[in-house]
Amino acid sequence: MVSLPSQCLLKIFENVSVSIYKTLHNCIFVNKQWSLLAISILWRNPLENISSENDVDDRIISIMKTYIACISQKSKDSLMKNNLQLSEEILRQASYDYPSHLQILNVQKIYDGITLLIEKYFHKEDREKEFHQHQLLDHIFRMFMNKCRNIYRIDISDVPKSIKIIHFPFLPDSDKCLSNITEFYYKGKTHLDFIYILSQVCTQIKSFHIEQQYQSNEGLINLFNVQKVPLESLSIDFKSNLTFFIEDIIKEKNPDNIIKLKISGNSKIFLLKFNNLKELESNTCYDNYYLRAIFPKLEKLILHEFSYISNYAFCDFLKNHKIKYLYLIDSRIQDLRQFSEAIINSCPNLVEYEGYICTKTKKARNNHLLVLFKNCPKLEKLRFLGEDTSCGINDILKYLSDYIPKKLNTLRFDPCWEFNEVSLDEFLNGCKKRLTNKLNLEISSSRRSQDINLVLDKYVRENVLYEECMNYY
């Protein structure tokens, strides 16, 4: 076998979805080079990448056992002296330094993993379980502080008030482990003391993700204030009196550095001058905010609960921005015709769109879907959501076949669209002639028939469609 350079192999492996665990895991058994590279990826975020399979608990326990096997012999001796009987499997020193690859430190998942391990293997009274849990966690965090130098995110979301987080920022070598943290995730209103302690070590955070903060939090405010790098990404729920403090901090740190902003709730932060903002996600429902806000470099817009914004405000916002990626989530449109015209006329550079389009017109040639294809030739992904009533699109599909954007690779039909196998065949024949790559076509099971499936199968065999198109949604 010809051996590729490790850097090339690593890039290839990184493009294998980690969710396909077995695929990457099998690479371990090819040779030493493949093994080392596959392990380095699999152990970057092992607890984050566990899918919802039947053996989830067993996978988590296996990961925790591996981590315990990696702690020092001195730590293992200490655990044994405290009457925690470790198995031979754990007592053996691990053959590989798995923790050194960790990139995301999720505190709650570490706690959950140790709890599962104790429940399954150590049948003790509650007091003993709590003591041994603390012992194991203490030694695991000590190991992380000693070995991990690639952690970029710390996540203390959903950690219950009943859990006392070990103050690992005070442990030896914590400065070397935590000083490179660039992302911070927090959800809740507890563990304020821990956040304050964290602020003594973490000063390179560029991205904050804060949810459900309902009270003043001096620790969090201090964590914002001590950062020595520009704030680039902010995701925050503004249902709190913390809002005003964050607004002042952003003004001081220069909003021009922020390129990604997610706002839940209403805040005047929306009106700050973010001259370099490229991505905005919001459920802000004040028309005035959309009428006044200007983000010169905005490319990606994600809107929740869009129905609370007037079409006038939204249309005006689109006209003032060059949106390439537009997503509408949990929304209903007040005037779908006017809304469709706004997208068609204001977003000629649209690359991805997930939302609604008006298909109800007297003449198929004037249909908004057809005009969208004509006016937005750069489209690559289109996922249409359901209209309120069914709509026949046989004639539209036939016309669309001549205007399919050449780079289109994903298309989801609105589940309310009605069409037959003849018009679908004509549309897909147009795809065959125009598309540069295969198309991932998503059609609802409610619109499938034997004849429709035969047409889909035909174009799968002709390499126009991906095989996954035969699946239903």
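Counting from 1, the numbers follow the sequence of the chain as shown.
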Pairs involving residues 131-140, ordered by first then second residue, that meet salt bridge (Lys or Arg N to Asp or Glu O under 4.0 Å) (sequence neighbours left out): Asp138-Arg142
For Tyr290, the option from Phe317, Tyr312, Phe295 that meets ring pair (Phe, Tyr, Trp, His ring centres under 6.0 Å): Phe317
Side-chain donor/acceptor of Thr115 to backbone N/O of Tyr111, under 3.5 Å: yes
Lys438 atom NZ, neighbour heavy-atom count above 12 within 6.0 Å: yes
Asn367 and Thr359: side chain donor to acceptor below 3.5 Å: no
Donor + acceptor pair across side chains of His101, Tyr96 (<3.5 Å): yes
Which residues share a side chain to side chain contact (heavy atoms under 4.5 Å, CB included) with Tyr327, sequence neighbours left out: Lys300, Ile302, Tyr325, Glu352, Glu354
Salt-bridge present (Asp57, Lys120; N to O < 4.0 Å): no
Expected output: side-chain Lys297 to main-chain Ile259 donor-acceptor under 3.5 Å: no
Aromatic centroids of Tyr403 and Phe373 separated by under 6.0 Å: no
Side chain to side chain contact (heavy atoms under 4.5 Å, CB included) involving Lys161 - partner list, sequence neighbours excluded: Thr190
Closest non-hydrogen atom pair, Arg447 against Cys416: NH2-O, 3.7 Å
Residue list, side-chain hydrogen bond (donor to acceptor under 3.5 Å, both in side chains) with Asn349, at least two apart or on another chain: Lys378
Side-chain touch Ile236/Lys262, heavy atoms, less than 4.5 angstrom: no
Distance-minimising heavy-atom pair for Ile71 and Ile68: CG1-O, 2.9 Å
Exceeds 12 heavy-atom contacts within 6.0 angstrom, atom CD of Glu467: no
Side chains of Glu232 and Ser207, donor plus acceptor under 3.5 Å: no
Backbone N/O of Lys381 and side chain of Thr410: donor-acceptor pair under 3.5 Å: no
Centroid-centroid under 6.0 Å between Phe224 and Phe184 rings: no
Tyr186 side chain reached by Ile195 side chain, heavy atoms, under 4.5 Å: yes
Qualifying residues under side-chain hydrogen bond (donor to acceptor under 3.5 Å, both in side chains), relative to Asn275, sequence neighbours excluded: Asp256
Side chain to side chain contact (heavy atoms under 4.5 Å, CB included) between Asp414 and Tyr356, worked out: CA-CA 8 Å; Asp414 185 322; Tyr356 305 85; 5.7 Å; no
Derivation and outcome, side chain to side chain contact (heavy atoms under 4.5 Å, CB included), residues Leu84 and Phe131: CA-CA 10 Å; Leu84 188 61; Phe131 173 73; over 6 Å; no
Expected output: side-chain Ser346 to main-chain Leu318 donor-acceptor under 3.5 Å: no
With Phe274 via ring pair (Phe, Tyr, Trp, His ring centres under 6.0 Å) - residues at least two apart: none
Pairs touching residues 311-329 that satisfy salt bridge (Lys or Arg N to Asp or Glu O under 4.0 Å), sequence neighbours left out: Glu299-Lys324
Side chain to side chain contact (heavy atoms under 4.5 Å, CB included) involving Pro99 - partner list, sequence neighbours excluded: Tyr67, Cys70, Asp97, Met143, Phe144, Lys147, Cys148
Shortest non-hydrogen contact between Pro377 and Pro405, atoms and distance: O-CB, 3.6 Å
Donor-acceptor contact below 3.5 Å, side chain His167 vs main chain Asp193: no
With Tyr152, the side chain to side chain contact (heavy atoms under 4.5 Å, CB included) member among Ile104, Ile181, Leu102, Asn180: Ile104
Qualifying residues under side chain to side chain contact (heavy atoms under 4.5 Å, CB included), relative to Asp112, sequence neighbours excluded: Gln108
Polar contact flag, side-chain donor to acceptor under 3.5 angstrom, Ser75-Ser72: yes
Candidate pair Phe314 and Phe339, rule ring pair (Phe, Tyr, Trp, His ring centres under 6.0 Å), full reasoning: CA-CA 8 Å; Phe314 178 71; Phe339 170 83; 5.3 Å; yes
Intermediate values then yes/no, side chain to side chain contact (heavy atoms under 4.5 Å, CB included), Tyr466 and Leu441: CA-CA 8 Å; Tyr466 284 104; Leu441 180 62; over 6 Å; no
Donor-acceptor contact present, side-chain Ser340 to main-chain Cys358, <3.5 Å: yes
Donor-acceptor under 3.5 Å (Glu341 side chain, Leu336 main chain): no
Audit row: Leu369, Trp417, side chain to side chain contact (heavy atoms under 4.5 Å, CB included) steps and yes/no: CA-CA 12 Å; Leu369 181 56; Trp417 290 349; 3.7 Å; yes
Close side-chain approach of Phe170 to Ile197, heavy-atom, < 4.5 Å: yes
Donor-acceptor contact present, side-chain Asn254 to main-chain Asn257, <3.5 Å: no
Qualifying residues under side-chain hydrogen bond (donor to acceptor under 3.5 Å, both in side chains), relative to Asp173, sequence neighbours excluded: Asn146
Donor-acceptor contact present, side-chain Arg412 to main-chain Phe384, <3.5 Å: yes
Any residue meeting side-chain hydrogen bond (donor to acceptor under 3.5 Å, both in side chains) with Ser235, in chain and number order, not counting sequence neighbours: none
Side chain proximity check, Glu130 to Ile118, heavy atoms < 4.5 angstrom: no
Test item: Asn276 and Ile258 side chains (from C-beta on) under 4.5 Å apart, heavy atoms: no
Side-chain donor/acceptor of Gln204 to backbone N/O of Ser179, under 3.5 Å: no
Atom pair CG/CG of Leu465 and Leu439 - distance to nearest 0.5 Å: 5.5 Å
Partner set under ring pair (Phe, Tyr, Trp, His ring centres under 6.0 Å) for His368, not counting sequence neighbours: none
Atom pair SG (Cys315) and CG (Asn345), whose distance is rounded to the nearest 0.5 Å: 9.0 Å
Gap separating the CG atom of Leu301 from the CD1 atom of Ile323, nearest 0.5 angstrom: 5.0 Å
Crowding at CZ, Arg149 (>12 non-hydrogen neighbours, <6.0 Å): yes
Nearest heavy atoms of Cys376 and Leu350, plus distance in Å: SG-CB, 4.3 Å
